[in-house]
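Below: the structure, in structure tokens.
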Amino acid sequence: MTEPISPFDSEAIEQLRQQHRLDRQYVRALRNRLFKQFRSDEDATSNFPLRDSLQCHVLQQYRRFDSDLDGATKLLFRTEAGMLIESVILRIATGRTTLCVSSQVGCAAACDFCATGKMGIAKSLDYTEILDQVLQAGQLLAAEDGSLDNIVFMGMGEPFHNESNLHKTIEVLTAPDHFNRSPSRILVSTVGVSDAMIRMAQRFPKVNLALSLHSADQSTREKIIPLARRYPLDQLRTTIQRCNEIQSREVMIEYLMLRDVNDSVIDRDCLANWLDGLNVHLNLIPYNPIEDAPHLTGTEPDAIADFAGAMKGLGVKTTVRYSLGRDIDAACGQLVRKENRSYALQLNANATRHSPTA
Ligand code: SAH
């Protein structure tokens, strides 16, 4: 019995096709149904003569959480290696739907405010594992007559620490004979890995970039983002200038609002100064408190609105992120941490139960 083939693996699919002298139209139809129309596995593979050779998914859906408050759905997936990852579907009031995907299990950036960074591991996902998050979310939305509009790399992990799989994922997502998605509806958010940002802008100029700046003061930034030491603010500013030249499109600047850390008038002026002359828009993010950072508190909503107003007054295009799924959320990555703990306990319990020495 041969290993089942993933529809994401173009080479293996082509080999299978040649081996069985299958007409190309069958592969084309399979990809259209699965990747573009997001039909169910059953439906998408029904006409494929070698359907028993296929395994549509590399991820197993482990749990699903639907918000009672708004249109957010969190999906917890289990990888073949037994790790849990998280994707979030955001059905926004405007009717647009955004999917937030994970690129890693854990994250080496270890930012002070981030639940994923506190996991203490960093394992990169294979491109098939990133693509399967899109496929499964797309199928879920198609089954409820919805569509998937935007894909953002804002889930677990630092996408540029998994650069080759990130590039491969974007290639398959935008390939006309695969997912055929518009690059301008994809956004990659980074803690700020300069050289990789430039490579991305060069290779995929229409894909949107977001930089998690969170402070325009070097020493403050270093306190909350350890990686800031490696990529100092001056270098990041030059990087954005370079990306602006290559892409002729705005870079999103993400700015987490942390009380008494980065939300003073001095912080604001420092930020306005840093952003001056760059083709960017500023996105202020309300902080989602996490268990492992009890010393951090979010800026009050009124103060965020004042900060936004002042930035606009200084000529900076500014928006405030509206956060969905607060009831199922407790910050991106935190759910997986909780689930990982109970999952590990469960595995331990099973191992003990099945162990002959127990
Ligand atoms: N590693 C990438 C992408 C993952 S995080 C990056 O750093 O950009 C996506 C966004 O969520 C980042 O802007 C990150 O700083 C922000 N974030 C992390 N923890 C958060 C929290 N507790 N509350 C609100 N936003 C958070």
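Remember, it's 1-based here, ligands and their atoms both numbered in the order they're listed. In this text the structure is predicted, and so the values were computed from the model without any measurement. In this chain, residues are counted from 1 in sequence order.
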Closest heavy-atom contact between Asp149 and Arg96?
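Heavy atoms only, the tightest pair is OD2-CA, 3.3 Å.
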Using 4.0 Å as the upper bound for N to carboxylate O, is an ion pair formed by Arg91 and Glu144?
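Between Arg91 and Glu144 there is a salt bridge, with a charged N closer than 4.0 Å to a carboxylate O.
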Between Arg249 and Asn279, is a side-chain hydrogen bond (donor to acceptor under 3.5 Å, both in side chains) present by the stated rule, with each step listed?
CA-CA 7 Å; Arg249 63 173 50 234; Asn279 185 16; over 6 Å; no
Best match, [options]: closest heavy atom to [atom]:
{"atom": "atom 1 (N) of ligand 1", "options": "Gly298, Ala210, Ala109, Gly157", "answer": "Gly157"}
{"atom": "atom 23 (N) of ligand 1", "options": "Asp112, Asn288, Val152", "answer": "Asn288"}
{"atom": "atom 14 (C) of ligand 1", "options": "Met156, His214, Met154", "answer": "His214"}

Ligand 1 contact by Pro286, heavy-atom criterion under 4.0 angstrom:
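Distance cut 4.0 Å: Pro286 passes for ligand 1.
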Heavy atom of Gly155, distance to ligand 1 below 4.0 Å:
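Contact present.
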Do His167 and Tyr127 have their ring centres less than 6.0 Å from each other?
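That pair fails the under 6.0 Å test.
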Mind checking whether Glu254 contacts ligand 1 via backbone (N, CA, C, O), side chain (CB onward), both or neither, at a 4.0 Å heavy-atom cut-off?
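Only the side chain of Glu254 comes within reach of ligand 1.
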Ligand 1-proximal atoms of Thr190, by part, heavy-atom distance under 4.0 Å:
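Looking at Thr190 and ligand 1, just backbone atoms fall under 4.0 Å.
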Going through the distances and angles, do Asp66 and Thr73 end up as a side-chain hydrogen bond (donor to acceptor under 3.5 Å, both in side chains)?
CA-CA 4 Å; Asp66 290 291; Thr73 298; 2.8 Å; yes
Would you mind listing which atoms of ligand 1 come within a distance below 4.0 Å of any non-hydrogen atom of [X]?
{"X": "Tyr287", "answer": "21 (C), 22 (N), 23 (N)"}
{"X": "Val191", "answer": "6 (C), 7 (O), 8 (O)"}
{"X": "Ile290", "answer": "22 (N)"}
{"X": "Leu256", "answer": "23 (N), 24 (C), 25 (N)"}

Is there any N or O on Ser212 that sits under 3.5 Å from an N or O of ligand 1?
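Yes - when backbone and side-chain N and O of Ser212 are compared with those of ligand 1, one distance drops under 3.5 Å.
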Look at atom CD of Gln25 and say whether more than 12 heavy atoms of other residues, nucleotides or ligands are closer to it than 6.0 Å.
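Count over threshold, so yes.
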How far apart are the C-alpha atoms of Val207 and Ile170, what are their side-chain angles, what is the distance that settles it, and do they pass the side-chain contact (heavy atoms from CB on, under 4.5 Å) test?
CA-CA 9 Å; Val207 169; Ile170 294 174; 4.0 Å; yes
Exactly one of Val320, Ile304, Asp267 should register a side-chain contact (heavy atoms from CB on, under 4.5 Å) with Tyr255. Which one does?
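So, applying the side-chain contact (heavy atoms from CB on, under 4.5 Å) to Tyr255 and each of Val320, Ile304, Asp267, only Asp267 qualifies.
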